[in-house]
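In what follows, a structure is listed as structure tokens, so that the remarks can point back to it.
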Amino acid sequence: MRIGSGYDSHKLVEGRRLIIGGVDIPFEKGLQGHSDADVLCHAIIDAVMGGLGLGDIGKHFPDSDNKWEDASSIDLLSRTMEMVKDNGFEVTWIDSTVMAERPKLLPFIEEMKENISKAGIPSSLINIKATTNEGMGFIGRSEGIAAQAVCLLRPV
């Protein structure tokens, strides 16, 4: 068994769509980033990469490469899941938390799980939680959104 952890955060800006867990969430701002800036998928990717000992998202999908500009993070997660298989492992559990003061994310969590499962992780193996930062820090001031994830892998 192996475990990996991941974290990501992005600034909220005008003129971008807010995509979390592959869900396009109605909101007046979106997350700034080279790809679609999906903090949840990025945290999961980093957790999986950590468990595999393969570095992080920036090593495999660098923001210096135009190939990944505006890329779907669900697609990046699918590519990551290919690496899991290529390295002889399978995901046995993902636990994740998205931290956002606004918007409220609870209504979107099941759709997030469905989208992530399309990347190759069965929805029964994915837990997604949402929380606020109680008005504290950059999250509490609604300046950005963050996510963290833990991944458990086992050899096959």
Side-chain angles (χ1 to χ4, degrees), residues 1-13 16-61 63 68 71-81 83-84 89-154:
M1 301 290 277
R2 290 189 182 179
I3 192 167
S5 67
Y7 172 86
D8 192 42
S9 64
H10 286 275
K11 182 178 180 177
L12 281 164
V13 296
R16 293 269 300 187
R17 295 172 24 217
L18 178 59
I19 300 171
I20 301 176
V23 179
D24 198 336
I25 298 170
F27 195 58
E28 66 265 16
K29 293 182 178 180
L31 294 170
Q32 182 178 9
H34 186 70
S35 67
D36 62 9
D38 185 330
V39 292
L40 177 57
C41 286
H42 293 186
I44 292 171
I45 290 168
D46 267 355
V48 172
M49 294 285 187
L52 292 172
L54 295 178
D56 62 18
I57 191 171
K59 179 178 178 181
H60 297 274
F61 311 111
D63 63 7
W68 308 117
S72 160
S73 294
I74 293 292
D75 180 50
L76 301 181
L77 183 56
S78 293
R79 293 169 184 265
T80 302
M81 292 308 297
M83 293 179 210
V84 171
F89 285 88
E90 67 182 1
V91 171
T92 61
W93 188 247
I94 298 286
D95 186 36
S96 59
T97 305
V98 181
M99 294 149 278
E101 206 68 22
R102 296 181 320 122
K104 296 296 181 191
L105 298 176
L106 182 61
F108 304 100
I109 288 179
E110 287 305 314
E111 188 177 356
M112 290 176 192
K113 287 174 66 172
E114 289 173 26
N115 287 343
I116 292 167
S117 73
K118 292 174 188 171
I121 305 169
S123 62
S124 62
L125 303 178
I126 304 165
N127 189 52
I128 301 170
K129 304 174 297 290
T131 189
T132 68
N133 223 37
E134 302 294 330
M136 299 179 295
F138 77 93
I139 294 168
R141 292 187 301 269
S142 296
E143 296 171 4
I145 295 176
Q148 59 185 15
V150 176
C151 173
L152 186 62
L153 299 166
R154 73 173 170 204

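This one's a predicted model, so the numbers in the text were calculated from it and none came from an experiment.
- The distance from atom CG of L153 to atom CD of E90, rounded to the nearest 0.5 Å, is 9.0 Å.
- When all heavy atoms of D46 and I57 are compared, the pair lying nearest together is OD1-N, 2.7 Å.
- Here the side chain of D56 pairs a donor or acceptor atom with the backbone of K59 at under 3.5 angstrom.
- Note that CE of M81 is 10.5 Å distant from CD1 of I45, once rounded to the nearest 0.5 Å.
- For the atom pair NZ (K113) and OG (S124), the distance works out to 8.0 Å, reported to the nearest 0.5 Å.
- One finds no salt bridge joining E143 and K11 here, because no Lys/Arg side-chain nitrogen approaches an Asp/Glu carboxylate oxygen to under 4.0 Å.
- Taking each heavy atom of E101 and G135 in turn, the nearest pair found is OE2-N, 3.1 Å.
- Rounded to the nearest 0.5 angstrom, I94 CD1 and S123 OG are separated by 12.5 Å.
- Formation of a donor-acceptor pair under 3.5 Å by the D38 side chain with backbone atoms of G22 is found in this model.
- Taking both residues in full, the closest heavy atoms of A130 and L105 are given as CB-CB, 3.9 Å, listed atom of the first, atom of the second, then distance.
- When atom types are taken as modelled, the side chain of S35 and the backbone of W68 share no donor-acceptor pair closer than 3.5 angstrom.
- Shown here for I121 and V91, the closest heavy-atom pair between the two residues is CG2-CG1, 4.0 Å.
- Considering only heavy atoms from C-beta on, F89 stays 4.5 Å or farther from V48 through its side chain.
- No side-chain donor-acceptor contact under 3.5 Å links H34 and D63.
- Two residues are said to be in side-chain contact when any heavy atoms from C-beta on lie closer than 4.5 Å; E28 and L18 fail this criterion.
- Side-chain contact between C41 and L76: absent, with no pair of heavy atoms (C-beta onward) separated by less than 4.5 Å.
- S72 and D36 make their closest contact through CA-OD2, 3.5 Å (heavy atoms, listed as atom of the first residue, atom of the second, distance).
- Of the possible polar contacts, one joining the R16 side chain to the L31 backbone as a donor-acceptor pair under 3.5 Å is found.
- Atoms CG and CZ, from D24 and R17 in turn, are 4.0 Å apart once rounded to the nearest 0.5 Å.
- Across every non-hydrogen atom of P103 and I25, the tightest pair is CG-CG2, 3.9 Å.
- Contact check for D95 versus K129: side-chain heavy atoms found under the 4.5 Å cut-off.
- Side chain of S9 to main chain of A147: no donor-acceptor pair is present (N/O by atom type, distance under 3.5 Å, no hydrogens or angles).
- With contacts defined as side-chain heavy-atom distances shorter than 4.5 Å, the pair W93/N127 qualifies.
- No donor-acceptor pair closer than 3.5 Å links the side chain of H60 to the backbone N or O of R79.
- From I74, atom CD1 reaches atom CD1 of I116 across 5.5 Å, with rounding to the nearest 0.5 Å.
- Between R154 and M1 the shortest side-chain heavy-atom distance falls below 4.5 Å.
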